[in-house]
There are 4 protein chains.
Amino acid sequence: MTAKAMSNSQPQRKVGAREKSAETTRDSLLRAAIKVFAKHGFDGGSIDQISKAANSHDRMIYYYFGNKESLFVAALEEIYRRFNVAEAALKLDLAQPKLALEQVVRFVLHYYKKHPEFVTLLNSENLHRGKHIARSNKAQEFSSPAISVVDEVLRRGIAQGSFRATVASRDLYMMIVALGYFYQSNRFTLSAFLGEDLETPAVFEQWETFVIDAVLRTVLTPAAL
Amino acid sequence: MTAKAMSNSQPQRKVGAREKSAETTRDSLLRAAIKVFAKHGFDGGSIDQISKAANSHDRMIYYYFGNKESLFVAALEEIYRRFNVAEAALKLDLAQPKLALEQVVRFVLHYYKKHPEFVTLLNSENLHRGKHIARSNKAQEFSSPAISVVDEVLRRGIAQGSFRATVASRDLYMMIVALGYFYQSNRFTLSAFLGEDLETPAVFEQWETFVIDAVLRTVLTPAAL
Amino acid sequence: MTAKAMSNSQPQRKVGAREKSAETTRDSLLRAAIKVFAKHGFDGGSIDQISKAANSHDRMIYYYFGNKESLFVAALEEIYRRFNVAEAALKLDLAQPKLALEQVVRFVLHYYKKHPEFVTLLNSENLHRGKHIARSNKAQEFSSPAISVVDEVLRRGIAQGSFRATVASRDLYMMIVALGYFYQSNRFTLSAFLGEDLETPAVFEQWETFVIDAVLRTVLTPAAL
Amino acid sequence: MTAKAMSNSQPQRKVGAREKSAETTRDSLLRAAIKVFAKHGFDGGSIDQISKAANSHDRMIYYYFGNKESLFVAALEEIYRRFNVAEAALKLDLAQPKLALEQVVRFVLHYYKKHPEFVTLLNSENLHRGKHIARSNKAQEFSSPAISVVDEVLRRGIAQGSFRATVASRDLYMMIVALGYFYQSNRFTLSAFLGEDLETPAVFEQWETFVIDAVLRTVLTPAAL
DNA sequence: CATGAATGAGCTTTCATTCAT
DNA sequence: CATGAATGAAAGCTCATTCAT
């Protein structure tokens, strides 16, 4: 059931009106769930809110997803799927590792900015100590593409001699993600604490420039700096 | 009331049995609130849970704090106060900016590690778009010490010629905090995604080393590298 | 839903067990609400009391009525519906306006006496400055039958020459209602103040006689007196 | 205690500052109670609301009045006292019974209009089946002045030959009061039902004229009409 | 494929009241 | 004369979920 939800692909056989309507119901419930969970978290979001936002009924959530937790897992999987789809569309010039790395950083920062639900859903999941994703058995499968990309760029740079050989791809990956994620995730308290609105474009751009600089300085060999 | 709570001074005058008991009740409610909110977030944590954890009653929370939101604000203020107290105890050798900066990074990473409630409470607050802290009118006052420390270290390094003059203290501050915060905040999903437990000491140490390296490379002049 | 409740018609089609049960639940909740609100007012009557009196559960009130206020509105509408049903059953001899008027007075006095909930519910509503009935958009529709009856009797009497042409039907209506309502509504404080129990039949009958006399003297022409 | 409150009289002995303040507290609590109970009824009005409206504390209500019910009784007694004070100030021309009766009617209608708390408090009391006033043992003492006035006017009119001898003063009293009380008490639902705002001066005046007419026609002998 | 009905436990909050000092 | 602290019960309402059809 969830497997079907994960693929956005081809109906091989002709679907009747009823089946189509069914898919629509399930999809709109999932979309509504992402929105509501993103806004209020797992605990704050209610089954009722979600079913109403989807113009459906409570009962349908149980019909399609079983219970609230499974719906949340489906929502998590869906946002990860979307992220991977977006990342797969990235066309990196691997011949120029430095440029490619910069591209990756830009992609990550902009994706988080445009998809705040990605951040809030993951926060909610971490608040619950990752217990939902642990049940998903797709966890690694989901993150591997992202790490692979960083890994490949890194290896190319090292092979070329412009990147330091001692940098671990896992650390580099986490650095990029952390700098993008934190800015988005904590923008409200940060804005209050810094007395500066992090949602204005100028502030974001300064941060982006800084992050690219920091990442490159961390990775590049002194000679390539 | 909160003013009293914010100061860590001892009561100079002898307190009667009642007053003492009152302070104890309020304090234990606040402590319990921090624990419960840290574990379950603002929505997930219930007034009942908190009052019971404090060996008190629902009613007392309303007596001392008014409502759930105000209790949450008080909890937020308290954890920030604690953070600032801990940071104030840091003895930095400002004559050696590079070393001092390393100390700051270590402090931040270890503080977040030892105080997961700091991270979860802030996450919960950001889920609610900072609406509670906005009401606290102590926001800036709270974060200024932390930024000041980074700012001073940075200025010293620049004066000495070992730090690059183009780095903004706000960016440097956010970088350090982001790298420490994200590791702690997202350790569950990260562990699942990476297939590696981020809570083992070895992994944490590798990350700490990496972060120090990244921060220094971002800040140091090529010559000082 | 309320439309169905308002009509006193029988369900034409066979109803399944479930539907029947549903109707029963809603109806018994409404009946219980009328009783409880009549006895304790809107504020004094509790959701819990009502649901228990109906052998149901709190939750069902919210399921069928949404909230306490809407339940109260439904109760108000129901008692007005009942009054109108009872009044519609009145067979007035319009050829004898004086007699018909007497009949109307008797009907009103006796109806209030037999249906104290009518009086207490309206009092409760007036305490809240009519805010519930204002939301009901059936207000005028409810009272118009009663006024129409008075109006018609009055017009007949005037046409016949036995009633004074200067009496406004609205004033006459209010007079009759006031004299019946007040006796019932304030019988407890009046009994205490007058030192005489207004609930004894003899006292009621004296009042009834007096009211009929007063109404007729107010309406009849000197010649017809 | 309540006895003292009932009289607005002379402090025989010099009162110290503290005592004065004490009286003020008690009085402002009582005034606040009348306002709050008038607005929300006995059940809807809360001890907290009252004490805050009086700039005092919950505890003080218990100190001065014992409990909520006794406070309500005190409030009832106070509004009756005020009514009697106002009525005692009425200067009736008993030599002209017809005019005097008209004056009484006007007084009652205007008093209810200007003192809606009188009406709502009595309604609240009747909702509770007069159980508070029953405890007050001042009930009759309170209403007797009002009835006495009507009684005296009536007797004078009968003696003069202009009033019908068969009218009972109790019925006449109730008629006047009912017509004034009901208009005020039920003005909200009536306005909704009639589609006409009973609070506009013109409508009130029409009613006043009608009531005077009705009362006189009920009382006057045919000859005196 | 969908729905109306039902459920029990839980939620935050307010209630009137009493205690000790 | 006044106050800060405490209490247990109850309030209105929402929660996730299951039932029968």
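The chains referred to below are lettered A, B, ... by the order of the sequence lines, with proteins before strands, and numbering in each begins at 1. These numbers come from a predicted model, not from an experiment.
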task = Can you tell me the distance, in whole Å, between the CD1 atom of Ile47(B) and the P atom of dT14(E)?
result = 11 Å
Atom of Leu121(A), atom of Ala75(A) and distance for their closest heavy-atom approach = CD1-O, 4.3 Å
message = Looking only at the side chain of Tyr62(A) (C-beta and beyond, no hydrogens), which of the listed nucleotides dT18(F), dG8(E), dT12(E) gets closest?
response = dT18(F)
task = Would you please indicate yes or no on a ring centroid separation below 6.0 angstrom for His128(D) and Phe188(C)?
result = no
task = Would you please classify the geometry between the His132(D) ring and the Phe42(D) ring as parallel, tilted or perpendicular, with 30° and 60° separating the classes?
result = tilted
query = Between dG8(E) and His57(C), is there an OP1 or OP2 to side-chain N/O distance shorter than 4.0 Å?
reply = yes
key: Nucleotide dA6(E), atom P - distance to CZ of Arg59(A) in whole Å   = 16 Å
Phosphate OP1/OP2 of dA6(F) contacted by Tyr64(B) side-chain N/O (<4.0 Å) = yes
inquiry  = Could you tell me how far apart Asn67(A) (CG) and dC15(F) (C1') are, to the nearest whole angstrom?
reply    = 14 Å
message = Measure CZ/Arg26(B) against C1'/dA5(F) and give the value in whole Å, please.
response = 14 Å
request  = Give Gly44(C) one of three labels, base, sugar-phosphate or nothing, depending on what nucleic acid heavy atoms sit under 4.0 Å from its own.
outcome  = nothing
inquiry  = What contact category does Gly45(A) fall into here, base, sugar-phosphate, or nothing, at under 4.0 angstrom with non-hydrogen atoms?
reply    = sugar-phosphate
message = Taking dA20(F) as the reference, what is the distance to dC1(E) when you measure between their C1' atoms (whole Å, please)?
response = 15 Å
Non-neighbouring partners of Lys39(B) that pass salt bridge (Lys or Arg N to Asp or Glu O under 4.0 Å), sequence neighbours left out = none
task = Ignoring backbone atoms, establish whether Thr25(B) has a side-chain N or O less than 4.0 Å from OP1 or OP2 of dA5(F).
result = no
task = Can you measure from CD (Glu77(D)) to CG (Leu30(D)) and round to the nearest 0.5 angstrom?
result = 9.5 Å
request  = Can you tell me the distance, in whole Å, between the CG atom of Asp43(D) and the C1' atom of dA16(E)?
outcome  = 12 Å
message = Any base atoms under 4.0 Å from Asp58(A), or only sugar-phosphate, or nothing? Heavy atoms, all strands.
response = base
inquiry  = With side-chain hydrogen bond (donor to acceptor under 3.5 Å, both in side chains) as the criterion, how do Ser70(B) and Asn67(B) come out once you've worked through the C-alpha distance, each side chain's angles and the decisive distance to 0.1 Å?
reply    = CA-CA 6 Å; Ser70(B) 300; Asn67(B) 57 27; 3.0 Å; yes
inquiry  = dA6(E), OP1 or OP2 - any side-chain N/O from Tyr63(C) closer than 4.0 Å?
reply    = no
remark   = Taken to the nearest whole Å, CG/Asp48(A) to C1'/dA5(E) is 15 Å
inquiry  = OP1 or OP2 of dT14(F) versus the side-chain N and O atoms of Ser46(A): is any pair under 4.0 Å?
reply    = no
inquiry  = Output the rounded distance in Å from NE2 (His40(C)) to P (dA11(F)).
reply    = 11 Å
query = Where does DNA chain E form stems of at least three consecutive Watson-Crick or G-U wobble pairs, each pair having both distances below 3.5 Å?
reply = E:2-21 with F:2-21
key: Basic-acidic side-chain contact under 4.0 Å: Lys131(A), Glu69(A)   = yes
Protein-nucleotide distance (Met60(B), atom CE; dG8(F), atom P), rounded to Å = 10 Å
task = Enter the distance from Tyr62(B):OH to Lys68(B):NZ here, rounded to the nearest 0.5 Å.
result = 8.0 Å
